[in-house]
2 protein chains.
Amino acid sequence: MNEPDGGNRRSRRGRRPGESGTRNAILAASRKRFAEQGYDNASIRDIAVAAGVDPALVHHYYGSKESLFIAAMRLPNIPGLVGKALESDPEALAEGRLGELLARTVVMIWEDKTLQRTAIGLLRSALTHERAAAMLRDFVRSTIFGQIASTLRSPDAEYRVSLAASQVIGLLMARYVLRVEPLASASGQEVVRAIGPALQRYLAGDIGTDSGTA
Amino acid sequence: MNEPDGGNRRSRRGRRPGESGTRNAILAASRKRFAEQGYDNASIRDIAVAAGVDPALVHHYYGSKESLFIAAMRLPNIPGLVGKALESDPEALAEGRLGELLARTVVMIWEDKTLQRTAIGLLRSALTHERAAAMLRDFVRSTIFGQIASTLRSPDAEYRVSLAASQVIGLLMARYVLRVEPLASASGQEVVRAIGPALQRYLAGDIGTDSGTA
DNA sequence: GTCTATATGATGATAGAC
DNA sequence: GTCTATCATCATATAGAC
């Protein structure tokens, strides 16, 4: 059976198994539903409908709801994005504009629809799902704030970072999840101008402890 | 039937109907479960067990899970507490220490176990339950921030208040719900010193718009 | 006021036909 | 790879006996 490629454009030697795009469709749909409804309220049936596939296929590909959630919420390239943002403006680090840089990074990352859905999904689920809470803590700590904290030399760097984290989490919650107005409708620029200095103070300013820069 | 009280200490004229304490036990237990698990994960069965009553009684008293939730999350005396906090230090308002006052009020209100449970329950549920989100918005806006915003004369008072709200929400989320360290273990005093000035700036400082106090 | 029994429905998961 | 059929479990809610 040495059939040549002939008019058959797609395959080199017969049709390869798997890979019909269904798998990714399920993943994308699950991100959407998890972001909109949180872990518990997003049912596998809903996700299957959104992806246009049969519910049984979801199990077939991902085994369980938990596994699907973990697969959907894992985005490998965040550290890269953050690193690039940090490198893009190296002077800001030395110049005491770290807070502004962080604010800009958060707003910038938010442009990416997939990242946005992942983050909202984690936020939504973190409060009712223990696993999601752990993933969110890792997400925030080891990537975004881990990298930024390492640029601080303060002895209470951890405390400072957790304060900044509280403001960032609050921003995401109020602006993107709860949609509190008028914050939700403000431009990214405005938000950066408003939040940046607050983050700067948390990270390197006087926060009422010993090691303030007054 | 003019029977006198006689030796019957408890009742004036025979035993009054109802009121065995069960109703309040259910309410208290539901606050606990809603706070710990959020609206969806807290089942009526769980609540009944926590209250030491039969699940059917919960329905009997409150009709539905929604009604129970609404009853549990409604706390009438918040405006009073806030008002008292504001009156307790009238000079702070004039002196530009509104942010500190707000931070102190939040931390203070958090001392009350019932209030705390209500707030956490609302926060937990707001992200997955539309009704709870609406209640939280009202809770925050009409009581706490409504009263404080009215003391501002800035034209962008709403924007400023929503910024402050984002920080307060983030504080509650990070410190009390997600329990991000070391913020979660910090003392109330430390938190007030750290957050207060940030709130002050949002409410009356330079936030990058026209109406800043530079 | 309190509880037993049950109606009714949604969910995650699995086995197995095509 | 895909789908039908089904299981077991858990939920809210209700009717009615004591």
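In what follows, chains carry the letters A, B, and so on, assigned in the order in which the sequence lines appear, proteins first and then strands, with residues in each chain numbered from 1.
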**OP:** Consider the side chain of S43(A), meaning its heavy atoms from C-beta on, and name the nucleotide among dT2(C), dG12(C), dC3(D) that approaches it most closely.
**Re:** dG12(C)
Original post:
With sequence neighbours excluded, what pairs up with T151(A) under the side-chain hydrogen bond (donor to acceptor under 3.5 Å, both in side chains) test?
Top reply: none
Subject >> Under the side-chain hydrogen bond (donor to acceptor under 3.5 Å, both in side chains) test, residues paired with D54(A) that sit two or more places apart >> reply: none
Contacts table for residues 121-129 of chain B: side-chain donor-acceptor under 3.5 angstrom, sequence neighbours left out:
residue, atom, partner, partner atom, Å
R124(B), NE, L127(A), O, 2.5
R124(B), NH1, A35(B), O, 2.3
R124(B), NH1, E36(B), O, 3.3
S125(B), OG, Y39(B), N, 3.0
S125(B), OG, G121(B), O, 2.8
T128(B), OG1, D40(B), OD2, 3.2
H129(B), NE2, E66(B), OE2, 2.6

Could you tabulate the donor-acceptor pairs under 3.5 Å formed by side-chain atoms of residues 163-170 of chain B, not counting sequence neighbours?
residue, atom, partner, partner atom, Å
S166(B), OG, Q167(A), NE2, 3.2
S166(B), OG, L163(B), O, 2.7
Q167(B), OE1, Y202(A), OH, 2.8
Q167(B), NE2, S166(A), OG, 3.1

Original post:
Got a sec, which pairs hit salt bridge (Lys or Arg N to Asp or Glu O under 4.0 Å) with one end in residues 179-196 of chain B, sequence neighbours left out?
Top reply: none
Original post:
Between P55(A) and I44(A), which heavy-atom pair has the shortest distance, and what is it?
Top reply: O-CG2, 4.0 Å
Output the rounded distance in Å from [atom1] ([X]) to [atom2] ([N]).
X: D40(A); N: dG12(C); atom1: CG; atom2: C1'; result: 12 Å
X: I47(A); N: dA10(C); atom1: CD1; atom2: C1'; result: 15 Å
X: D54(A); N: dA15(C); atom1: CG; atom2: P; result: 16 Å
X: R33(B); N: dA11(D); atom1: CZ; atom2: P; result: 11 Å
X: N41(A); N: dG12(C); atom1: CG; atom2: P; result: 10 Å

**OP:** Not counting sequence neighbours, which residues clear salt bridge (charged side-chain N to carboxylate O under 4.0 Å, His left out) with R117(B)? List them please.
**Re:** none
**OP:** Going 5' to 3' through nucleotides 13-18 of chain D, assign each nucleotide B (protein heavy atom under 4.0 Å from a base atom), S (under 4.0 Å only from sugar-phosphate atoms) or - (no protein heavy atom that close).
**Re:** BB----
Subject >> T22(A) side chain near dT2(D) phosphate (N/O to OP1/OP2, under 4.0 Å) >> reply: yes
**OP:** Scan for ring pair (Phe, Tyr, Trp, His ring centres under 6.0 Å) pairs involving residues 156-182 of chain B, sequence neighbours excluded, and state none if there are none.
**Re:** W110(B)-Y176(B)
Original post:
Taking a pair as Watson-Crick (N1 to N3 plus N6-O4 or O6-N4) or G-U wobble (N1-O2 and O6-N3), both under 3.5 Å, which stems of 3 or more consecutive pairs involve DNA chain D?
Top reply: C:1-7 with D:12-18, C:9-18 with D:1-10
